[in-house]
Visitor: 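To start, I am sharing the structure in question, which I have written as C-alpha cells.
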Amino acid sequence: MQTTAYTITLHDAEVFRDLVTFLGEDVFDQRQRNGAIAKSDAFRRRISEARSVLKGIGAYEGVNLKENHNG
C-alpha cells in the first residue's frame, strides 16, 4: 500500500532548500555556441518547480521552518 501523506523534517527542508539554491545559482547544464555556459529551459523549469514546492510548504525563505517532532 502506498501512503498519501509524507513528513518532511526541518533538516529535510533545509537540505532541499540549499540544493535548490545551489542549482539555481551555480549549476549549468548546457554550453552555447559562443562557449558560454547556461541553464536550459528544461533545467530552469525543474528548479522553478522545486522552488514552488518549497514555497507551498512554507520552507523557501526558511521563515516557517520549525522542527516536527511527530516524525
Side-chain angles (χ1 to χ4, degrees):
M1 177 192 291
Q2 184 175 0
T3 182
T4 57
Y6 297 93
T7 300
I8 185 168
T9 66
L10 170 63
H11 182 260
D12 297 339
E14 289 172 342
V15 168
F16 187 42
R17 185 188 66 226
D18 290 346
L19 176 62
V20 170
T21 299
F22 175 73
L23 293 173
E25 294 174 359
D26 298 326
V27 178
F28 304 91
D29 68 331
Q30 85 181 182
R31 186 167 296 278
Q32 298 175 342
R33 289 183 184 178
N34 65 2
I37 55 174
K39 289 177 176 46
S40 67
D41 290 339
F43 190 50
R44 287 180 206 263
R45 270 193 306 279
R46 296 284 178 146
I47 294 169
S48 178
E49 290 169 359
R51 282 186 183 128
S52 293
V53 168
L54 287 169
K55 287 177 183 175
I57 64 171
Y60 184 68
E61 298 296 330
V63 177
N64 295 328
L65 293 179
K66 59 184 175 183
E67 190 66 54
N68 177 352
H69 296 284
N70 297 324

Visitor: Report yes or no: do Phe22 and Ile37 belong to one cluster of Ile/Leu/Val/Met/Phe/Trp/Tyr joined by side chain heavy-atom distances under 4.5 Å?
Guide: no
Visitor: Can you run down the side chain to side chain donor-acceptor pair (under 3.5 Å) pairs that involve residues 33-55, sequence neighbours left out, and say none if there aren't any?
Guide: Asp29-Ser40, Arg51-Tyr60
Visitor: Val53, Leu23: one ILVMFWY side-chain cluster at the under-4.5 Å cut-off?
Guide: yes
Visitor: If we check side-chain contact (heavy atoms from CB on, under 4.5 Å) with Ile47, which of these qualifies: Thr21, Val20, Leu19?
Guide: Val20
Visitor: Name all residues meeting the side chain to side chain donor-acceptor pair (under 3.5 Å) criterion together with Asp18; count only those two or more places apart in sequence or in a different chain, and write none if there are none.
Guide: none
Visitor: Distance from Ile57 atom CD1 to Tyr6 atom OH, nearest 0.5 Å?
Guide: 14.0 Å
Visitor: Minimum heavy-atom separation for Phe28 and Ala38, please, with both atom names.
Guide: CB-O, 3.3 Å
